[in-house]
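Notes follow the structure.
Computed from heavy atoms alone, side chains included, the values below leave out hydrogens, waters and symmetry copies.
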Amino acid sequence: MAGRRVALKAVDWMAFAERVPNHQKSMFNALKTRSDAIAAKLNSLPESPVTIDWSFYRSAVAKAGMVDEFEKKFKALKIPEPVDTQTSAISAQEVEANKSALAYIEASKARIAEYNKELEKLKNMIPFDQMTIEDLNEAFPETKLDKVKYPYWPHKPISDL
């Protein structure tokens, strides 16, 4: 069918639908409907164009040579197929997106490991109701007040408040 020669890749609509956010489902459905309509139209067309019966037209047309002229022009007619100029750019974007996705995954794994260490630290510390101020300052150094550098309350620079 005509659709097989035109389509380079089949679209996996189920996988596509899983990645579409809820607020864009209507746009996705419109795209799928339009794509299906175009595919149905392409599939309804014959694989090769219908051949023209030039002998019938020679007998039916009164003006001599007119059909021969049309036949010669028709056979000389070459319709160019559009050149694909975007696939290479899209492939380059895909490679770049895959690289950034892998970098994000690696950074996420590092953050997860860091957060797991912090979570383990929080699980193993003394409960807050049993802590002294010294225990709190040891567990959370950012809570320690510098009374020597800032002798007046709140013992921190005002910009940090």
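To the nearest 0.5 angstrom, Ile90 atom CD1 is 9.0 Å from Thr85 atom OG1. Rounded to the nearest 0.5 Å, atoms OG (Ser91) and CD (Glu96) are 12.5 Å apart. For the atom pair OG1 of Thr143 and CD of Glu138, the computed distance is 11.0 Å after rounding to the nearest 0.5 Å. The structure places NZ of Lys73 at 12.5 Å from CG of Asp68, a figure rounded to the nearest 0.5 Å. Between the CD1 atom of Ile133 and the CG atom of Leu145 there is a distance of 8.5 Å, given to the nearest 0.5 Å.
In this view, Tyr57 satisfies the ring pair (Phe, Tyr, Trp, His ring centres under 6.0 Å) rule with no residue, not counting sequence neighbours. When the side chain to side chain donor-acceptor pair (under 3.5 Å) test is applied to Glu71, the partners found at least two apart in sequence or on another chain are Arg58, Lys75.
Within the structure, ring-ring contact (aromatic ring centres under 6.0 Å, His included) contacts touching residues 58-92 (residues at least two apart or in different chains) are Trp54-Phe74. Applying the ring-ring contact (aromatic ring centres under 6.0 Å, His included) rule to pairs touching residues 93-116 yields nothing, sequence neighbours excluded.
Residues Phe16 and Met27 do not share a hydrophobic cluster, defined by chaining ILVMFWY side chains whose heavy atoms lie under 4.5 Å apart. Residues Phe56 and Val67 share a hydrophobic cluster, clusters being chains of Ile/Leu/Val/Met/Phe/Trp/Tyr side chains in contact below 4.5 Å.
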What donor-acceptor contacts under 3.5 angstrom involve side-chain atoms of residues 30-37, with partners at least two apart or in another chain?
| unit_1 | atom_1 | unit_2 | atom_2 | d |
| --- | --- | --- | --- | --- |
| Lys32 | NZ | Asp36 | OD2 | 2.9 |
| Thr33 | OG1 | Asn29 | O | 2.8 |

What donor-acceptor contacts under 3.5 angstrom involve side-chain atoms of residues 117-130, with partners at least two apart or in another chain?
| unit_1 | atom_1 | unit_2 | atom_2 | d |
| --- | --- | --- | --- | --- |
| Glu120 | OE2 | Asn124 | ND2 | 3.4 |
| Lys121 | NZ | Ala139 | O | 3.2 |
| Asn124 | ND2 | Glu120 | O | 3.2 |

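Atom CZ of Arg111 sits in a crowded spot, with more than 12 heavy atoms from other residues, nucleotides or ligands closer than 6.0 Å.
Using a distance-only test at 3.5 Å, with no hydrogens or angles considered, a donor-acceptor pair links the side chain of Lys25 to the main chain of Ala17.
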Give the intermediate values and the outcome of side-chain contact (heavy atoms from CB on, under 4.5 Å) for residues Val95 and Asn98.
CA-CA 5 Å; Val95 168; Asn98 286 339; 5.6 Å; no
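Shortest non-hydrogen contact noted between Pro80 and Lys78 is CD-O, 3.4 Å. The minimum heavy-atom distance linking Asp146 with Lys149 is given by the pair OD2-CB, 2.9 Å. Contact record, Val61 with Met66: CG1-SD, 4.1 Å, taken as the closest heavy-atom pair.
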